[in-house]
2 protein chains.
Amino acid sequence: MDSRKQKILEAVVLDYIETAEPVGSRTISKKYNLGVSSATIRNEMADLEEMGLIEQPHTSAGRVPSEAGYRYYVDYLMAQSDIQQEAQQMISHALQDKQQKVGDVLRDSMKLLAEVTNCTTVMVLDENRGAALQLLQLLLVEPGKALMVIVMEGDKIENHFLEIPKSMTKEDLELVSAMMNQNLRGLKVDDWQRSMLETIFQDLTRQRQVVDRALEMLSSILDIRNKDKKIYLDGGLNMLSQPEFQDVNKVKTLLHSLEQQEVLSQLMEADNETGITVKIGAETGLDEVKDCSVIVANYKVKGKTVGKVGLIGPTRMDYATAVSMLNTMAQTLEEAYPDKE
Amino acid sequence: MDSRKQKILEAVVLDYIETAEPVGSRTISKKYNLGVSSATIRNEMADLEEMGLIEQPHTSAGRVPSEAGYRYYVDYLMAQSDIQQEAQQMISHALQDKQQKVGDVLRDSMKLLAEVTNCTTVMVLDENRGAALQLLQLLLVEPGKALMVIVMEGDKIENHFLEIPKSMTKEDLELVSAMMNQNLRGLKVDDWQRSMLETIFQDLTRQRQVVDRALEMLSSILDIRNKDKKIYLDGGLNMLSQPEFQDVNKVKTLLHSLEQQEVLSQLMEADNETGITVKIGAETGLDEVKDCSVIVANYKVKGKTVGKVGLIGPTRMDYATAVSMLNTMAQTLEEAYPDKE
DNA sequence: GTTAGCACTCGACATGATAGAGTGCTAACA
DNA sequence: TGTTAGCACTCTATCATGTCGAGTGCTAAC
């Protein structure tokens, strides 16, 4: 793969990203001054096609990058543009207003990202299974009914109602709460184990029933945690502006897919080690979104991945800008919120 | 307006709802046996057109109901079909599984409704401003940080973090909580008044600061409540199957509008007295959804409206079925959950 | 190795012809 | 007087046809 072929491939990709029209040899020779005539470019393009990097929608149309072509572009040609700076500025400006809630900032960032890239943004917050318990408290709401309040590190709150024996008093609950707090505070959810929990509380005979209920509740929280990642989506409609989504049926299928958590989860699967993962078309492994690409950035805190930010767009998306933006966004967030989820 | 004209108008509406194609005189005379020839029907249709109840997309096309036509149909002709029974069965069957959370049932019902009618369903839960406070508790999370847990009648829970002086102990918070509970429990949010609150707590000097924060928080809750209705949406993509929404731009505008709370709020505005409100096309007062109609049902508990369930579809929607379904749904919900929100 | 030139292919678009659905009007009928 | 059959007319949808232009591949010359 000589340097001229690379330049031509890059030209095809860039022009197609810009115009969404198949790009011909003449266009390239005129617009991107490679110093050779269109005929030469034609020859090279024939080679590129043979290599599977570009393809023709039909004879006598221009060329369009194949998925392999995008792949090559992303891996070897794409310049981490100076958009980076601009993005940096924009994002940190947007995040300036720090007095808002953490959740709101994340949402706003996603919205911003979606607007700028004209793609759909996804955020997956892995439940902090590694987070420690900060506070566990049982409150008497009315006779026979208690509320269990759980506060996790990172200010995550969960509430669950509990049925309890009517005879239980506020003081009983207080006792159980104190006991649980004493034993569980600072422990990570991952480290909870039913058997362990049970031994801890075996001498609380009078409050036996409450303890049982509470433990049941806690176990089910453990179960839910594993499945129930929090997924936020923004800009779901953005892609409708793209010329490749002018067909309503296509749109319907796509949007429908994006409403399904499993689909999003799979899309957002990414190697936790690398910073940014780009999946092009079929690489997503999902037929429903075969005309789309996904860019996923891990969002780390203290070196540990706690969530992911993703960008979903047409295969013909502006990878350079998207990657830049996403990178910047993840970094900025990490710097701004080193100790929050 | 003689009975034959009515029958013809009804035929036009029904046929157009079914086929989405302009309906001609011949079709009517063949399909709906009114005992007269197509020529007669033509004459009648000319009259109906003059009256503004039907219109022609262009010369030599069939007729299509105008908005006024739909209105007339809904007001005078529409039969509350026997779908009612079927719906009843279906809905109560779906709601059988009562052990789920209240919120889930509502969601499921909406999903069902959306599927069956192929429309978008909306649910607005007016915040229970009339609900009474059940429990208010301050919990010490860590030094300098407290969590305020509020439980309202109807099992609504709210959590808010509060910054407090580091010197505050668990016992201080317990004292404030007890005080607040004692004074506020059973009171309706509407009845809280800052001035009143302040006099109650004026002798808690040591905890002054916490009380202040808490009161601030409570006030802001009051403010939020007024604006922040909870709105749920389901089947947002359903309308894409309708032939009138084959144009992507139209779809984009529409879906975008439906993402905006204000739009939904306005759409769902309805006379609280009457059970069901039907707004056809321009009657919604919103240009963004001018090709849509909205049917809103009030959802009452103990005779008081606590929420609304709505159905958004194309003007050419099946009003009879929709109204039946919605009616049944609201009734079933009321019966099933007389004392929950 | 590069380029100019040329024949060829194919889609986009405009044009025109045709069929069919539906109307309005008129005259005849009960 | 209301109803109906018949007919001319209108308009759209559809298909075949022709033309244009963009783009290609190939060949021969540089």
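Labels below follow one simple rule: chain letters A, B, ... track the order of the sequence lines, proteins then strands, and each chain is numbered from 1. Computed from heavy atoms alone, side chains included, the values below leave out hydrogens, waters and symmetry copies.
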message: Output the rounded distance in Å from CZ (R26(A)) to P (dG21(D)).
response: 13 Å
Residue of the set E18(A), E244(A), E67(A), E21(A) for which salt bridge (Lys or Arg N to Asp or Glu O under 4.0 Å) holds with R316(A): E244(A)
Cationic N near anionic O, under 4.0 Å, E10(A) to K5(A): no
query: In whole angstrom, what separates M45(A)'s CE from dT3(C)'s P?
result: 16 Å
task: Any strand is fair game: report the nucleotide pairing with dC7(D) by Watson-Crick or G-U wobble, both distances under 3.5 Å, or none.
output: dG24(C)
field: Nearest-neighbour nucleotide for the Q56(A) side chain, dC11(D), dT23(C), dT24(D) considered
entry: dT24(D)
Polar atom pairs (N or O), protein with nucleotides 3-10 of chain D, under 3.5 Å:
residue : atom : partner : partner atom : Å
dT3(D)  : OP1  : R4(B)   : NH1          : 2.7
dT3(D)  : OP2  : R4(B)   : NH2          : 2.9
dT4(D)  : OP2  : S37(B)  : N            : 3.1
dT4(D)  : OP2  : T40(B)  : OG1          : 2.5
dG6(D)  : O6   : R42(B)  : NH2          : 3.3
dT10(D) : O2   : S60(B)  : OG           : 3.0

- request: Whole angstrom is fine here: how far is it from NE2 in H58(A) over to C1' in dA22(D)?
  value: 9 Å
field: Euclidean distance, atom CG of residue D47(B) to atom P of dG2(D) [Å, nearest integer]
entry: 11 Å
message: Nearest whole Å is fine: how far is dG11(C) P from R63(A) CZ?
response: 15 Å
- prompt: Nearest heavy-atom pair of S293(A) and Y319(A): which atoms, and what distance?
  reply: OG-OH, 2.7 Å
query: Rounded to the nearest 0.5 Å, how far does CG of L311(A) lie from CE of M325(A)?
result: 8.5 Å
K250(B) and D291(B) ion-paired at < 4.0 Å: yes
task: Take the protein atom CG of D2(B) and the nucleotide atom P of dT1(D), then report the distance between them rounded to whole Å.
output: 17 Å
task: Measure from CD1 on I41(A) to C1' on dG25(D) and round the result to the nearest Å.
output: 15 Å
statement: Rounded to whole Å, NZ of K30(B) lies from P of dG22(C) at a distance of 9 Å
task: Please confirm whether the backbone N or O of G35(B) pairs with a side-chain atom of N33(B), one donor and one acceptor, at under 3.5 Å?
output: no
